[in-house]
Amino acid sequence: MNHYDIVRVGDTAVWPIGLYSKKVKSAKAFKDGATIGVPNDPSNEARALVLLEQEGLLKLKPGAGIAATTADITDNPRHLKIKELDSGIIGRSVPDLDAAVVNTDWALKSGLTQADRIAQEPTKNNPYTNFIAVKKENVNATWVKTLVSAYQNDAVKAEFDKVYKGTGVTTW
């Protein structure tokens, strides 16, 4: 290990995980026993379950947070069926499910749109926000300000919005 002291110097963007459906228009509209797909990898499954909890669909053990699994579900009042699926196919599975929590990059690749997104995790204070980081000793270096301003500007935001079509959100 090199034991670098790394410091965050500028936020870039976040791709908030979203709940997508072709069958309902809001999280409140799920029928008892609805099937919801979630990614089966640990990081994204936790994000999905936290989102479902934020939408009032289930409850997780206190403190489960970004390490949550289906074993941490303590209350499921609508008897939702949580189906764990590979992240690469979950977006294409939305029509076969009542809904699915899909990573935004996979949603875009699967042809899902903002109109299909019925909920998303917050963008503010999101632990998955991407950022520019440098060694602590370089924080005040001139090139750091140049680097951050080269990313955090209107031209980059316009291109970002064009490419990601609302699935990614700039955070500066």
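When every heavy atom of Pro39 is checked against every heavy atom of Ala48, the shortest pair comes out as CD-CB, 3.8 Å. Here the closest non-hydrogen pair linking Tyr20 and Thr113 is CE2-O, 3.7 Å. Nearest heavy atoms, Ile90 versus Ala100: CG1-CB, 3.8 Å. Closest approach of Ala29 and Arg78 over heavy atoms only: N-NH1, 4.4 Å.
Around atom CD1 of Ile89, more than 12 heavy atoms belonging to other residues, nucleotides or ligands sit under 6.0 Å away. Atom NZ of Lys109 has more than 12 heavy atoms from other residues, nucleotides or ligands within 6.0 Å. Annotation for Asn125: atom CG does not count as buried by contact number, only 12 or fewer foreign heavy atoms lying within 6.0 Å.
Hydrophobic cluster of Val38: the remaining members, joined at side-chain heavy-atom separations below 4.5 Å, are Ile17, Leu19, Val24, Phe30, Ile36, Leu49, Val50, Leu51, Leu52, Leu57, Leu58, Leu60, Ile73, Leu80, Ile82, Val101, Ile118, listed by chain and number. Applying the under-4.5 Å side-chain rule to Ile, Leu, Val, Met, Phe, Trp and Tyr, the cluster around Tyr4 extends to Ile6.
Between Pro16 and Val169 the shortest side-chain heavy-atom distance falls below 4.5 Å. At least one side-chain heavy atom of Trp143 sits under 4.5 Å from a side-chain heavy atom of Asn138. At least one side-chain heavy atom of Glu84 sits less than 4.5 Å from a side-chain heavy atom of Thr70. Side-chain contact check for Asn140 versus Lys145: every heavy-atom pair is 4.5 Å or farther apart. The side-chain heavy atoms of Asn130 and Asp11, taken from C-beta on, include no pair separated by under 4.5 Å. Taking 4.5 Å as the limit, every side-chain heavy atom of Leu108 sits out of range of all side-chain heavy atoms of Asp105.
A distance-only check finds no donor-acceptor pair linking the side chain of Asn103 to the backbone of Trp106 [under 3.5 Å]. Panel note: side chain Asp161, backbone Ala158; no donor-acceptor pair is recorded below 3.5 Å. Judged purely by atom type and a 3.5 angstrom limit, Thr170 has no side-chain atom pairing as donor or acceptor with the backbone of Trp172. At least one donor-acceptor pair under 3.5 Å links the side chain of Asn153 to the backbone N or O of Val156. A side-chain donor-acceptor contact under 3.5 Å links Ser21 to the backbone of Lys23.
Take Asp86 and apply the salt bridge (Lys or Arg N to Asp or Glu O under 4.0 Å) test, not counting sequence neighbours, and it matches no residue. Residues that satisfy the salt bridge (Lys or Arg N to Asp or Glu O under 4.0 Å) test with Glu121, not counting sequence neighbours, are Arg47. Residues satisfying the salt bridge (Lys or Arg N to Asp or Glu O under 4.0 Å) criterion with Lys81, sequence neighbours excluded, are absent altogether.
Here the OG1 atom belonging to Thr104 is positioned 10.0 Å from the CD atom belonging to Gln114, to the nearest 0.5 angstrom.
Placement of Val9 and Val14 in two distinct hydrophobic clusters is found when ILVMFWY residues are connected by side-chain heavy-atom separations under 4.5 Å, directly or transitively. Tracing side-chain contacts under 4.5 Å through hydrophobic residues (I, L, V, M, F, W, Y), one reaches Val102 starting from Leu85; they form part of the same cluster.
A salt bridge does not link Lys135 with Asp5: none of the charged nitrogens is closer than 4.0 Å to a carboxylate oxygen.
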Verdict with supporting geometry, Phe160 and Trp15, ring-ring contact (aromatic ring centres under 6.0 Å, His included): CA-CA 12 Å; Phe160 184 94; Trp15 283 260; 5.4 Å; yes
For side-chain hydrogen bond (donor to acceptor under 3.5 Å, both in side chains), just list the numbers for Ser87 and Asp41, CA-CA rounded to whole Å, side-chain angles, deciding distance to a tenth of an Å, and then say yes or no. CA-CA 7 Å; Ser87 293; Asp41 63 281; 2.8 Å; yes
Checking side chain to side chain contact (heavy atoms under 4.5 Å, CB included) for the pair Asn40/Glu45: CA distance, chi angles, key distance, verdict? CA-CA 6 Å; Asn40 66 355; Glu45 180 176 51; 5.7 Å; no
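Residue pairs meeting the salt bridge (charged side-chain N to carboxylate O under 4.0 Å, His left out) criterion with at least one member in residues 51-74, sequence neighbours excluded, are Lys61-Asp72.
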